[in-house]
Amino acid sequence: MTTTVPFFSTGDLSRELEAVGDVLHSGWLTTGSRAKLLEQRFAGACEADHALAVTSCTAALHLAVEALGLGPGDRVVVPSMTFGASAEVIRYVGATPVVVDVEPGTNLLSRRILERAVEDYGNIAACIVVHYGGQAPRMLGDEGLWDYCRERGIRLIEDAAHAFPSRSDAGPIGAVGDVACFSFYANKTMTTGEGGMLVTNDADLAARASIMRLHGIDRDVWDRFGAKSASWQYDIVAPGFKYNMPDVNAAIGVVQFGRAAGFRDDRQRVAEHYQRQLVDVAEVSLPLCDVPASWHAWHLFPIVLHQDAAVDRNGMIEALAERGVGTSVHYRPLHRMTYYRDTLNLDAQDFPNAEQTWQGCLSLPIYPSMTAEQVRHVTTSVRAVLGHSPPAHDG
Ligand SMILES: *Cc1c(COP(=O)(O)O)cnc(C)c1O
């Protein structure tokens, strides 16, 4: 029997299917009680005062930069090693991205890197930190990003698309910082199909984002149809967006939320198997976990193939595909994307750590339903492509 390992699989979703069925039978498909419930539970898990369910993490990031009042003339720091969404929202509001390199091994933005950007550019209005792969940088103390931002009056936005559930030295992601944005995209750590969550302790920011989430209307859909005054009685105070999460999606999210801690433990188990079964492969760098393993969301398991390996990264991806193993690349950095390179005059030489990752990186499959046999098939395949025998260790 041949083993195949897709890059991602949702696993069994029969409980989610049942929950969606209930929503469809209820007759209330758009934002309502399911979205409210997901928000309450999510805010609780993040130890934050406010959580707003939205249509994507990109929408949450957009609402965050808008509600913080960022606009033309404001410089916003963003790491190069990320998905385009982290940077495009800076442009949505007319502000200027300052694209920076990342720390080696973790691919994280850090206080050290932000300090250098402040030295180079002077005024920085905000920083979008990306919890690459599912771990956060240090937040508190002399090396802490949040403490530095607080001292300097730099607004800290967390792109936590990879990071639920996870924590930093300051507690659950979302507990500190100005605002944190999570993704429930299909292959993220929990899903609503498409969806996201904005989390904040800032009551003014939450109020603004809530209004802008739904057309700039001064009360949300739930109040509009659930509360005392008639549904036509609303005012529009700003040209808002259409970012509210429907209950059809939120119902999936409520079930996934309940499974999220178990999902995380399962992904950590896969990561630990990978580490044991690949640790002796000299041509490969394994992802550096700079926090206790239990703080890490383990959304990704990105390895970096060294320049002197028998195959290059693209060759490895093709060879693994031939063996039935799906992979991905996180990421081709922003400084190599035409729009950001050309409009911001970015030079690859200024991003040595992101370049080092980009040249050799590929992400191995990691998801809760992966079997020990599938993990072993992946490691055996990586090793075989590089001319190594199967892993000695079985665990
Ligand atoms: C997936 C992702 C996003 C966007 O999430 P959506 O919910 O698809 O909008 C943003 N940032 C990072 C780092 C991501 O991986």
Side-chain angles (χ1 to χ4, degrees), residues 7-8 56-58 61-62 65 75-92 94-110 112-114 116-117 120-121 124 126-135 137 157-162 181 183 185 187-188 283-288 299-309 311-321 326-364:
F7 178 65
F8 182 76
S56 67
C57 180
T58 309
L61 288 164
H62 185 193
V65 293
R75 288 200 185 89
V76 182
V77 166
V78 64
S80 193
M81 192 45 81
T82 189
F83 183 60
S86 317
E88 72 202 30
V89 297
I90 302 168
R91 284 302 203 203
Y92 288 2
T96 303
V98 173
V99 181
V100 297
D101 201 11
V102 289
E103 294 290 346
T106 60
N107 293 295
L108 294 177
L109 196 154
S110 64
R112 195 177 66 86
I113 289 167
L114 180 58
R116 201 187 306 148
D120 290 350
Y121 293 90
I124 298 289
C127 171
I128 300 181
V129 59
V130 178
H131 299 324
Y132 177 93
Q135 72 178 316
I157 300 160
E158 294 173 86
D159 179 341
H162 300 176
C181 302
S183 176
Y185 180 69
N187 69 7
K188 293 285 165 54
E283 305 95 316
V284 165
S285 290
L286 300 178
L288 181 63
H299 169 54
L300 299 177
F301 196 89
I303 63 172
V304 179
L305 199 58
H306 300 177
Q307 304 283 339
D308 61 0
V311 291
D312 63 9
R313 183 262 312 281
N314 295 359
M316 175 62 85
I317 288 174
E318 281 163 32
L320 290 176
T327 56
S328 189
V329 169
H330 300 90
Y331 293 92
R332 177 177 165 184
L334 294 180
H335 68 261
R336 282 182 170 267
M337 296 296 186
T338 299
Y339 173 77
Y340 296 102
R341 185 194 60 210
D342 291 357
T343 61
L344 299 169
N345 278 317
L346 303 178
D347 183 344
Q349 285 180 3
D350 296 328
F351 302 87
N353 297 333
E355 275 293 302
Q356 171 109 14
T357 296
W358 154 246
Q359 300 290 345
C361 70
L362 66 152
S363 299
L364 302 181

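Below, each value reflects all heavy atoms present in this structure, side chains not excepted, and no hydrogens, waters or symmetry copies. All values reported here derive from a predicted model rather than from experimental measurement.
- No donor-acceptor distance shorter than 3.5 angstrom exists from the side chain of Tyr340 to the backbone of Pro333, with no hydrogens or angles considered.
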Sequence neighbours left out, cut at 3.5 Å: what donor-acceptor pairs do the side chains of residues 302-309 make with other protein atoms?
{"from": "His306", "atom 1": "ND1", "to": "Ala282", "atom 2": "O", "distance (Å)": "3.3"}
{"from": "His306", "atom 1": "NE2", "to": "Ser285", "atom 2": "N", "distance (Å)": "3.4"}
{"from": "His306", "atom 1": "NE2", "to": "Ser285", "atom 2": "OG", "distance (Å)": "2.8"}

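- Partners of Ser80 according to the side-chain hydrogen bond (donor to acceptor under 3.5 Å, both in side chains) rule, which considers only residues two or more places apart in sequence or in another chain, are His335.
- Of all non-hydrogen atoms in Arg313 and Cys361, the two that sit nearest each other are NH1-O, 2.9 Å.
- Closest approach of Val100 to Ala117, counting heavy atoms only: CG1-CB, 4.0 Å.
- Here the straight-line distance linking atom OH of Tyr185 with atom OG1 of Thr58 works out to 10.5 Å at 0.5 Å rounding.
- With rounding to the nearest 0.5 angstrom, the CZ atom of Arg75 is 12.5 Å from the CD1 atom of Ile90.
- Shown here for Leu108 and Pro137, the closest heavy-atom pair between the two residues is CD1-N, 3.7 Å.
- Closest heavy-atom contact between Leu288 and Pro104: CD2-O, 4.3 Å.
- Taking CZ of Phe7 as the start and CG of Asn187 as the end, the distance is 6.5 Å to the nearest 0.5 Å.
- Ile317 has its side chain within reach of Val329: a pair of non-hydrogen atoms, C-beta onward, lies under 4.5 Å apart.
- Remark: Thr106 engages no residue in a side-chain hydrogen bond (donor to acceptor under 3.5 Å, both in side chains) (not counting sequence neighbours).
- Nearest approach of Gly84 to Leu334, heavy atoms of both residues: CA-CD2, 4.1 Å.
- The side-chain hydrogen bond (donor to acceptor under 3.5 Å, both in side chains) search around Thr82 returns Ser86, not counting sequence neighbours.
- Using a 4.5 Å heavy-atom cutoff, the side chains of Leu61 and Tyr92 are not in contact.
- Within 6.0 Å of atom CD in Glu283, more than 12 heavy atoms from other residues, nucleotides or ligands are found, so the atom counts as buried in its surroundings.
- What you find for Pro79 and Ile128 is that their closest heavy atoms are CD-O, 3.2 Å.
- Partners of Tyr121 by side-chain hydrogen bond (donor to acceptor under 3.5 Å, both in side chains), not counting sequence neighbours: none found.
- Between the CG atom of Leu346 and the OH atom of Tyr339 there is a distance of 11.0 Å, given to the nearest 0.5 Å.
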Where do Val65 and Val76 land on the side chain to side chain contact (heavy atoms under 4.5 Å, CB included) test, with the steps shown first? CA-CA 10 Å; Val65 293; Val76 182; 5.6 Å; no

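- Considering His162, His299, Glu158 as possible partners of His131, the one that fulfils the side-chain hydrogen bond (donor to acceptor under 3.5 Å, both in side chains) test is Glu158.
- In this structure, Leu362 CG and Leu300 CG are separated by 11.5 Å, a value rounded to the nearest 0.5 Å.
- Checking side-chain atoms of Asn353 against main-chain N and O of Asp101 turns up no donor-acceptor pair under 3.5 Å.
- In terms of modelled atom types and a separation under 3.5 Å, the side chain of Asn107 and the main chain of Val102 share no donor-acceptor contact.
- Taking CE of Met316 as the start and OG1 of Thr327 as the end, the distance is 9.5 Å to the nearest 0.5 Å.
- Within the structure, salt bridge (charged side-chain N to carboxylate O under 4.0 Å, His left out) pairs that include any residue of residues 337-364 comprise Arg336-Glu355 (at least two apart or interchain).
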